[in-house]
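In listed order, ligands and their atoms are each counted from 1.
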Amino acid sequence: MSIEQNIAELRASLPGHVTLVAVSKTHPAEAVARAYAAGQRVFGENRPQEMRQKHDLLPADIEWHLIGHLQTNKIKYIIDFVSMIHSADSASLLLALEKHAARAGRTVDVLLEIHISAEESKQGWHAEELDSWLRTGQWRQLEHIRFRGLMGVASNTGDESVLRAEFGSLASLRLRLESEYFGSGFDTLSMGMSSDYRLAVDCGSNMVRLGSLIFGQRDYTAR
Ligand SMILES: *Cc1c(COP(=O)(O)O)cnc(C)c1O
């Protein structure tokens, strides 16, 4: 199957309210260009410098989403064009983003990444920690950040009941934070990858992040 065919099939099979983020990390700009030719406009990358390089080579109407952990010293590579950051996982990162976005004269859409998996290594806020920061009200002063919703990475397991529980917890947390803090613009639920996106959509996802299903396996040794 070609990249073009993969994009066409996914776009035909996903419900209309679900945004497809094509995760192009590790794949060359030519691969992104092929997906673009098939009509795809939203791409996800996990490394700021790699995203910057592809951005500079590719059409300007691409929406670039950062999905990987962001270090504050790398914000500068992407702040002038990034359209959404899925991986806002700490107050200090949000404060730094606010400063850079204000300086760049931009307002950036941000998702709060929540730790939903049982795995130790996965990043993201724990719900209690996020709640106590939100209660400080500091987020209200971040005028160049638009809080748009939540992102989560589920456990790497084939156990459907575990995945449903994790996706379900993210969906209900979004609902609660929408009503307690953010209001109706807090409408995005980024969950689901190649292995689990159908289940994620079933559990209320409206943004899926798919890499290998579109571009094939990633070759990390080649980079
Ligand atoms: C790499 C990555 C994806 C895509 O993974 P696939 O299994 O290739 O679909 C999705 N989300 C995040 C956060 C990633 O790092």
Chemist: Within the side chain of Arg106, is there an N or O that forms a donor-acceptor pair under 3.5 Å with the backbone of Ile79?
Modeler: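 Answer holds: yes.
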Chemist: For residues 189-209, which residue pairs pass the ring pair (Phe, Tyr, Trp, His ring centres under 6.0 Å) check, not counting sequence neighbours?
Modeler: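 Ring pair (Phe, Tyr, Trp, His ring centres under 6.0 Å) check on residues 189-209 returns no pairs.
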Chemist: Can Arg52 and Asp56 be counted as an ion pair, charged N to O under 4.0 angstrom?
Modeler: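 Asp56 and Arg52: salt-bridged.
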Chemist: Looking at His27 and Ala29, would you say the former's side chain and the latter's main chain have a donor-acceptor pair under 3.5 Å?
Modeler: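 The answer is no, because no donor-acceptor pair under 3.5 Å joins these two groups.
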Chemist: Could you give the N/O to N/O pairs under 3.5 Å linking ligand 1 and the protein, each with its distance?
Modeler:
residue: ligand 1; atom: 8 (O); partner: Ser212; partner atom: N; Å: 2.8
residue: ligand 1; atom: 8 (O); partner: Ser212; partner atom: OG; Å: 2.9
residue: ligand 1; atom: 8 (O); partner: Arg218; partner atom: NH1; Å: 2.7
residue: ligand 1; atom: 8 (O); partner: Arg218; partner atom: NH2; Å: 3.2
residue: ligand 1; atom: 9 (O); partner: Ser194; partner atom: N; Å: 3.0
residue: ligand 1; atom: 9 (O); partner: Ser194; partner atom: OG; Å: 2.6
residue: ligand 1; atom: 9 (O); partner: Gly211; partner atom: N; Å: 2.8
residue: ligand 1; atom: 11 (N); partner: Arg209; partner atom: NE; Å: 2.8
residue: ligand 1; atom: 15 (O); partner: Lys25; partner atom: NZ; Å: 2.7

Chemist: Looking only at heavy atoms, what is the nearest atom pair of Ser24 and Trp64, with distance?
Modeler: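 Nearest pair, atom of Ser24 first, then Trp64: OG-CZ3, 4.4 Å.
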Chemist: Is Asp131 salt-bridged to Arg176, going by a charged N under 4.0 Å from an acidic O?
Modeler: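 Answer for the salt bridge query: yes.
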